[in-house]
Structures are given as structure tokens and as C-alpha cells.
Chemist: 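First, the structure itself, so that you have it in front of you.
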Amino acid sequence: MNYLDTLNPPQKEAVTTTQGPLMVIAGAGSGKTRVLTFKIAYLMEHGIEPFNILALTFTNKAAKEMRNRIEKIVGTEARNLWMGTFHSVFAKILRFEAEKLGYTSNFTIYDTEDSLSLIKSIVKEFNLDDKVYKPNIVFSRISGAKNRLVSWQEYNRNPVFAAEDREQMKPEMGRLYKTYCERCFRANAMDFDDLLFQTNVLFRDHIDVLNKYQHKFHYVLVDEFQDTNLSQYLITRKLAAVHQNICVVGDDAQSIYSFRGADIQNILNFEKDYPDLKTVRLEQNYRSTQTIVKVANKVIANNKMQLRKEVWTSNDTGEPIELIKAATDGDEGRLVAGSIFEEKVRGGGGVSNKDFAILYRTNSQSRSFEEALRKMNIKYRIVAGLSFYQRKEIKDLIAYLRFTLNQNDEEALKRIINTPRRGIGDATVSKIVVTANDEKVSLWEVVCNATKHLGARVGKPVEEFSVLIKEFGIVEKQKDAYETALHVANKSGLLKELFDDKTVEGRARYENVQELLNGIKGFVDMPSNEPKTLATFLQQVSLLTGADENDNDDDKVTLMTIHASKGLEFKYVYVVGMEEDLFPSQMMLSNRNDLEEERRLFYVAITRAEKKLFVSYALQRYRFGNLRLCEPSRFLDELDQKYIRTMKPSNIREAISTPQQNNLTKLAATRTLNTVAKQPPVRSGTPTQQPEIQNFVPARPEQLKVGQAVFHQKFGKGQIQQLDFEGADRKAVVFFEQAGEKVLMLSFAKLMIL
DNA sequence: GCAGCCTACATTTTT
DNA sequence: TGTAGGCTGC
């Protein structure tokens with residue numbers, strides 16, 4: 001068991017403590033994944049059968065990686081582990097047990113788009129104002145309820161919810177929730193939240209089923225425990241109730257999914273549920289330089305809600321954090337790209353593109369970096385939401401496949417019934433839905449007998465469509481996923497329509513569909529995928545995310561959101577767009593008022609870096625096509641100043657001009673330089689008129705005094721009346737002459753010293 | 001039923 | 001800036 005010797009004492013303790021409840025608080029970079037994989041390998045080497053171990057992760061990627069690593073230690077036996085994301089594991093269990101809940105085993109999994117579209121149509125049917133009942137808002141309300149295990153029945157019973165909704169001017173919310181659930185059920189569909197909610201229902205109402213799985217899983221392991229919501233937590237608690245061998249691994253400082261219902265209290269209160277809990281702390285960081293670890297510690301220390309923990313490292317001091325100030329978002333892109341180039345030159349051949357990551361708060365920020373990297377001929381890849389599977393043509397084919405398996409899938413039906421055009425317009429589709437509602441029959445029933453329900457003229461194409469689908473169903477029963485998909489793509493007319501479209505976009509769409517078909521072929525050819533049916537494939541696809549795509553290890557710079565970066569590490573990390581209102585996000589603060597979560601997000605970003613961290617912001621940024629003034633993020637003043645180096649304008653010019661020295665890219669770089677030189681750094685207005693950044697308070701909040709004259713973007717000139725510093729909480733009462741009122745300031749980033 | 005034009009509106013994060 | 005939905009005219 002030589003691999004145990006590679007562990008430090010707390011890691012070893014976490015691995016070898018197998019009996020009873022165990023909580024591993026794993027600081028960033030402390031070898032969390034190693035501990036989890038070794039622990040599972042250790043269990044298996046001690047005679048535990050893999051199918052008695054349940055390991056739950058947050059992403060497919062994490063599950064896949066862990067499985068590979070375990071396989072290296074224990075061999076192919078690892079394939080029999082019950083390991084995957086919460087959603088995929090419980091989708092699997094729900095398929096086994098679907099009949100008990102009134103679903104069939106080939107139920108559809110609705111993605112967010114399906115859910116929103118369903119809500120939209122219900123709001124319309126109810127004749128409600130969709131400005132008030134915005135699908136997003138309705139959906140998140142429903143989602144929130146489900147994640148807290150509040151059924152629509154309870155929701156409608158409990159006056160507290162009704163009161164809240166009335167306060168929000170949305171009294172119909174309970175009715176919407178009810179109808180949404182009924183429609184999902186009628187469609188034989190579960191949304192993401194249902195996969196967890198219904199599992200709870202299953203375990204609550206069917207003790208025999210619960211017992212079966214309780215006895216099956218001797219060991220339950222949960223990764224990223226800080227990101228579990230109540231629904232997930234209760235599932236794991238129930239499953240571990242018999243054997244009590246539950247091991248949760250997480251870091252409260254990296255809890256960044258509250259919008260999905262994640263509740264940091266699960267980890268903070270875990271010991272209350274398990275009085276004989278053993279806790280192990282992994283505090284040695286193996287990833288980053290001392291500078292990075294110290295800076296990160298200082299940032300997170302501003303949070304009040306956290307478990308005690310002191311992350312340290314014996315690594316080198318490393319280089320200081322570099323602060324990049326840019327005039328505009330375009331400049332920010334150029335400076336970051338230039339800096340990447342410079343680091344590569346400095347590092348000689350030892351540093352390559354894949355060592356770099358650019359992390360941002362919102363996906364929309366990627367643009368300026370893409371542009372700049374492209375101009376400098378630096379290869380990059382974007383880890384985005386769901387790019388490929390979100391394309392119209394891909395969703396269309398998938399909807400055909402979904403509908404072939406489940407003819408109650410209303411959202412799929414709406415998508416494909418007139419794609420390609422068959423002369424079935426919106427009016428007809430509404431008629432189908434209305435008829436189904438009125439006569440209390442399924443949509444499919446109406447579709448199959450459309451001439452009876454809707455009359456001969458309108459009904460004919462609809463019935464023809466139903467014949468087509470029935471034929472697909474016969475093929476599906478006889479052939480594997482690939483052959484079925486190919487058949488459907490051809491016979492539905494989808495491929496032909498795209499083939500006939502000779503425009504550039506049409507070509508691309510046709511190729512995308514071909515790529516999907518290739519993907520299905522690849523799925524069928526992979527021996528571990530069993531059975532090779534359409535159902536298995538769809539199940540996997542519906543739970544895919546952007547991060548699971550293209551893990552080809554080409555040498556490319558990675559661009560992604562901070563959320564997507566969790567669990568990853570890069571030698572050089574650029575945390576960009578450090579502007580107040582953007583990061584911390586204005587939305588987050590106004591809706592949820594959770595500054596601490598935004599700070600944890602910053603912490604996650606910092607701790608991705610191994611060797612060197614860069615932080616950047618722009619003074620002006622394009623938003624909705626308007627140039628807007630930005631202020632540096634309050635998080636910047638939380639960085640330990642003694643580790644910060646500011647990139648001076650001269651450095652900046654150097655960074656941009658460095659490419660010129662390099663022979664290999666001379667041509668491209670010269671071109672780049674020309675364009676840079678020709679373009680004024682600010683797209684409109686003159687950069688010299690920019691206020692000097694030193695004038696902004698956030699850099700030196702201690703400069704503030706009572707009586708100090710200040711300027712605020714919105715309120716104009718003012719004078720500080722009262723000051724209050726307490727840790728990260730800083731308050732100032734400012735009297736503004738123009739507005740003639742006193743304002744309590746919480747964000748000093750809004751203030752300038754006059 | 002459908003294509004094309006126009007306007008209004010939105011940008012937090014994701015299984 | 002880009003897209004989604006509404007409106008118009010065929």
C-alpha cells in the first residue's frame with residue numbers, strides 16, 4: 001500500500017478513517033481529490049465491493065477524473081463504483097423506480113430552456129402579465145421551493161409563501177407552481193430539481209426502496225459538500241442512516257452555488273447532525289506560492305461565516321501579484337494578452353498556452369480577450385455554458401430523439417412538430433394543447449387522431465407527423481442509438497433541410513448535426529456505455545454541461561467563468577474585470593445581499609493560481625453598447641498591499657511591444673501593433689481625461705476623514721459626516737450638497753476624494 | 001401559415 | 001450589442 005506513504009498525516013487520517021461519519025475540511029489546493037480517490041481505493045483494497053460504494057460529485061468531469069485515477073490504482077473494478085453527479089446517479093435510480101412515482105422509466109429530463117418555455121406558455125394560458133411573471137423569476141421561485149423540499153401542495157397550504165408572493169405582487173405563484181408540476185408530470189418529464197426532489201419523495205414514500213439502497217451503499221462519499229442544497233443533503237443523510245459511514249469533503253470558503261440552492265449551513269452545521277462526527281482538516285496547500293496563499297487567506301478572512309482553518313504552504317514565496325489597470329475593456333484584453341505573451345517569452349520554452357487561464361465573473365466578458373488573443377495569434381478555448389448542445393439544430397434533433405422515446409414530452413413536441421415546415425402553424429399547436437387540456441387527454445392522443453379532433457384540413461399534416469414518429473419508435477426498438485439517430489435525422493427531413501441551405505450558416509449547421517451524429521457513434525463504440533440504446537445516450541446528454549465538452553488537451557489559453565474554474569488549477573491566472581458592480585456583482589448584492597459569497601468567489605479565483613496571479617480592471621467598459629464608467633472593485637483593497645505590484649504604463653507599453661521582438665510571430669505581431677497604434681486606446685472620449693485612479697478611495701480607505709470633501713458619480717459633491725470601520729464592514733454617512741440629503745455609503749468605490 | 005421588418009429589452013453564476 | 005417577440009403584408 002505504498003500510495004499511503006505519499007500522504008501527509010491529516011490526509012492519511014482522512015483516507016484510513018473508514019467507519020462512522022467523517023468531515024474533511026479541505027482548503028484550496030490541499031489534495032482533496034487525492035484523498036477521495038485514495039480513500040475509495042483503500043476501501044476497495046479492504047474488501048469493500050465497488051457496487052457498495054456511492055461517491056457523489058458535483059460535475060461529470062470530477063467524477064470521470066476520479067474514476068480514472070482510481071482505475072489506475074485498483075484496475076477495471078473501479079467501473080462498478082456508483083460514482084457520478086448527484087443528478088446523474090439519482091436519475092439512474094429514478095429510472096429503475098419510476099413506476100412507483102407514476103412516471104415511466106423513459107421519462108424526459110427537461111433542461112432549463114424547456115422549463116422556461118413551459119412556464120412561459122402556462123403564464124400565457126392564465127392570461128397573466130409576463131412582465132410581472134417573468135419566466136426566470138417564476139422558475140427560480142419554483143426551483144427554490146423544490147430545493148428546500150417544499151412541494152406545490154405545501155406551497156399552497158402554507159400562508160407564509162402566499163404572503164411573500166403577495167408582497168412581490170405575484171399572488172398567482174402558487175397556482176403556477178401547481179400547474180407547472182402537473183404539466184411536467186403529464187409530459188412524463190422531470191426538470192433538474194425534480195431529479196433530487198423526486199428522489200426524496202421516493203425515499204419518503206417507499207420505505208422498501210429506501211431500505212434497498214441504504215443496505216446497498218455501505219459507504220457514502222460526498223465531494224464539494226459545501227455546495228449541496230437541502231434536497232441533496234437529505235438524500236445522502238437518508239442513504240447513510242443505516243451504516244453511518246458518511247464522508248463529506250468540502251471547503252466552506254469555496255461555497256459559490258447559493259443561487260442553485262446550495263446552503264453553506266449544511267457544512268457549518270454538519271456536526272449537529274452527527275454528534276460523533278470526526279473532523280479532519282487539510283490545511284497544507286500544495287498548489288500555490290506563499291504569496292498567493294497569503295493573499296487568498298487575507299481576502300477570505302473578511303468573511304464572518306466560516307469554519308476555522310489556516311491554509312499554509314511550504315512552497316516558494318513566488319512572484320508578487322500583478323495589478324493591471326486598463327482604460328477600457330478593449331485595453332484590458334490587449335494588456336492581458338500582451339502579458340501572456342510576455343510571460344511566455346520570459347519563461348522560454350517552459351511556459352505554454354495551456355498554463356494560462358483568464359477568469360471572469362460573467363460569460364459576456366470573454367469578448368475583449370478573444371479579440372486580443374486572436375490578434376496576437378495566441379490560441380485559446382472558451383469553456384462556455386453549453387455552446388454545442390444549445391444550438392438550434394442540435395436541440396432540434398435531440399428533441400426528435402426525446403419525442404421518439406416519450407410522446408408526452410410537450411416541449412419536444414412544440415419544437416419539432418413544424419420543424420422542418422410541415423404546414424402546422426402556431427394556431428394549430430395551440431389548438432392541440434387546448435384540446436388536450438379540455439378533453440383531459442394527452443397531447444399525443446390528440447396528435448394521433450388530429451383529423452377527429454381538429455378537422456380534416458388542419459389535422460392531416462398532424463396525423464402524418466404522428467405516423468412518422470411511430471415509425472421512429474419501431475426503428476428505435478430494433479437499432480442502437482446511432483442507427484436510430486441517423487434514421488431520424490434523415491427521415492424527419494432535418495438533414496435535408498440543412499443540406500439544402502447553402503448559406504455559410506446553413507453549412508455550419510449541417511456540419512454540427514453531423515458532429516452530433518459522430519458523437520452518438522462514439523458513444524455507441526465506447527465499451528463502457530451499456531446498453532447502447534437511445535435512452536442511455538439521451539440520459540447522459542441531458543446532464544452534460546459546457547465544462548464536460550472538448551477536454552482535448554490542445555495547447556490553448558483557457559477562458560472561463562470563475563464558477564467553471566472550480567477544481568482546476570493553472571500556473572498563471574488572470575482574474576479580470578475587477579470592477580465594483582461587476583465583481584462583486586451588482587445583481588448578487590441587490591437581490592441576495594450576499595457579499596460573502598462574492599468574496600468566496602474571488603477566493604476561488606485566486607486559489608486557482610499556482611505560480612503567478614494577475615488581477616485587472618478597466619476604467620470604462622462597454623455594456624449594452626454604451627461606454628460606462630467603472631470603479632475598481634472593493635475586493636482590490638482587500639488584497640495584501642505588500643504583495644502587490646502595479647503594472648506601470650511603461651511596463652504596459654513593453655508588454656504590448658514585446659511580440660515585435662519575436663521572430664516567429666513577427667509578421668502577425670507587427671500587424672497587431674499597427675492596429676493597436678492606429679486605434680486610440682479608448683474607443684470614444686480621450687483617455688487623458690480619465691480621473692487618476694489614485695484619487696479613488698478604495699486604494700486607501702484610511703485616507704478618509706470626517707469632514708473630507710468627496711465626489712460621487714451619482715450624488716455629486718459631498719462631505720463625510722461619519723465614519724465607521726469594522727473589519728470588512730465599512731460605513732460612511734455622507735452629506736451631499738446637490739442632493740441635499742445624507743446617504744449611508746457601504747461601497748467606498750463610489751467615492752472620490754476631492 | 002410564414003417571411004421579413006421593427007422595436008424593445010437585457011446581461012450572474014449552472015447541474 | 002444581439003436577440004426575441006410582435007406586427008405587417010403576402
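This is a predicted model, so every value here is computed, not measured. All chains are named by letter (A, B, ...) in the order of the sequence lines, taking the proteins before the strands, and each is independently numbered beginning at 1.
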Chemist: Base, sugar-phosphate, or nothing: which does A/Thr561 touch, judged by heavy atoms less than 4.0 Å apart?
Modeler: sugar-phosphate
Chemist: Any chance the side chains of A/Glu332 and A/Ser616 put a donor and an acceptor closer than 3.5 Å?
Modeler: yes
Chemist: Between A/Arg422 and A/Arg361, which residue's closest nucleotide on DNA chain B lies nearer the 5′ terminus?
Modeler: A/Arg422
Chemist: How would you list, by chain and number, every residue that makes a side chain to side chain contact (heavy atoms under 4.5 Å, CB included) with A/Ser121, sequence neighbours excluded?
Modeler: A/Leu118, A/Glu125, A/Lys414
Chemist: Quick one: list whatever passes ring pair (Phe, Tyr, Trp, His ring centres under 6.0 Å) with A/Phe570, sequence neighbours left out.
Modeler: none
Chemist: For the pair made of CG in A/Asp227 and C1' in B/dT15, what is the distance, rounded to whole Å?
Modeler: 11 Å
Chemist: Atom CG of A/Asp329 and atom P of C/dT1: how far apart are they, to the nearest Å?
Modeler: 12 Å
Chemist: Check whether the side chains of A/Asn406 and A/Thr108 place a donor and an acceptor atom closer than 3.5 Å, and report yes or no.
Modeler: yes
Chemist: What integer distance in Å separates A/Ile382:CD1 from B/dT13:P?
Modeler: 13 Å
Chemist: Using atom CG of A/Asp191 as one end and atom P of B/dT14 as the other, report the distance to the nearest whole Å.
Modeler: 18 Å
Chemist: Out of B/dT12, B/dT15, C/dT1, which nucleotide sits closest to the side chain of A/Phe192?
Modeler: B/dT15
Chemist: Could you state the CG-C1' distance from A/Leu582 to B/dT12, rounded to the nearest angstrom?
Modeler: 10 Å
Chemist: Any pair with a residue in residues 220-233 of chain A that passes salt bridge (Lys or Arg N to Asp or Glu O under 4.0 Å), sequence neighbours left out, goes on the list, sorted by first then second residue, please.
Modeler: A/Lys32-A/Asp223, A/Lys32-A/Glu224, A/Glu224-A/Lys566, A/Asp227-A/Lys566
Chemist: Would you please say whether a donor-acceptor pair under 3.5 Å links the side chains of A/Gln254 and A/Arg600?
Modeler: no
Chemist: At a cut-off of 3.5 Å, list every protein nitrogen or oxygen paired with a nitrogen or oxygen from nucleotides 3-10 of chain B, distance to 0.1 Å.
Modeler:
from	atom 1	to	atom 2	distance (Å)
B/dA3	OP1	A/Arg421	NH1	3.3
B/dA3	OP2	A/Arg421	NH1	3.0

Chemist: Can you pull out the residues from residues 247-259 of chain A that lie within a 4.0 Å heavy-atom distance of DNA chain B?
Modeler: A/Tyr257, A/Phe259
Chemist: What's touching nucleotides 5-10 of chain C from the protein side, N or O pairs under 3.5 Å?
Modeler:
from	atom 1	to	atom 2	distance (Å)
C/dG5	OP1	A/Lys120	NZ	2.4

Chemist: In this structure, how many angstroms lie between the C1' atom of B/dT12 and the CZ atom of A/Phe139, rounded?
Modeler: 15 Å
Chemist: How about A/Asp396 and A/Thr419: does a side-chain donor come under 3.5 Å of a side-chain acceptor?
Modeler: no
Chemist: Mapping A/Asp426 and A/Leu196 onto DNA chain B by nearest heavy atom, which one lands closer to the 5' end?
Modeler: A/Asp426
Chemist: Strictly by ring pair (Phe, Tyr, Trp, His ring centres under 6.0 Å), give each pair with a member in residues 110-147 of chain A just once, sequence neighbours left out.
Modeler: none
Chemist: Determine whether the side chains of A/Arg374 and A/Tyr380 contain a donor N or O and an acceptor N or O closer than 3.5 Å.
Modeler: yes
Chemist: May I ask you to list the residues of residues 81-96 of chain A, by number, that have any heavy atom positioned under 4.0 Å from an atom of DNA chain B?
Modeler: A/Thr85, A/His87
Chemist: With C1' as the reference atom in both, quote the distance from C/dG5 to B/dT12 in angstrom, rounded to an integer.
Modeler: 24 Å
Chemist: Of the candidate nucleotides B/dT15, C/dT1, B/dT14, which contains the atom at the shortest distance from the side chain of A/Arg367?
Modeler: C/dT1
Chemist: Considering the options A/Ile109, A/Thr57, A/Leu543, A/Leu56, which one meets the side chain to side chain contact (heavy atoms under 4.5 Å, CB included) requirement together with A/Ser88?
Modeler: A/Leu543
Chemist: Between C1' on B/dT13 and CG on A/Leu589, what's the gap in Å once rounded to a whole number?
Modeler: 13 Å
Chemist: Just to be sure I understand the rule, does A/Asn418 reach a base, reach only the sugar-phosphate, or reach nothing, if contact means heavy atoms closer than 4.0 Å?
Modeler: sugar-phosphate
Chemist: With A/Phe465, which residues qualify under ring pair (Phe, Tyr, Trp, His ring centres under 6.0 Å), at least two apart?
Modeler: none
Chemist: Is A/Asn363 close enough to B/dT14 that one of its side-chain N or O atoms is under 4.0 Å from OP1 or OP2 there?
Modeler: yes
Chemist: For residues 581-606 of chain A, pull every pair meeting ring pair (Phe, Tyr, Trp, His ring centres under 6.0 Å), keeping only residues two or more places apart or in separate chains.
Modeler: A/Phe583-A/Phe602, A/Phe583-A/Phe635, A/Phe602-A/Phe635
Chemist: The criterion is ring pair (Phe, Tyr, Trp, His ring centres under 6.0 Å); which residues satisfy it with A/Tyr213, sequence neighbours excluded?
Modeler: none
Chemist: Could I get the full list of ring pair (Phe, Tyr, Trp, His ring centres under 6.0 Å) partners for A/His453, not counting sequence neighbours?
Modeler: none
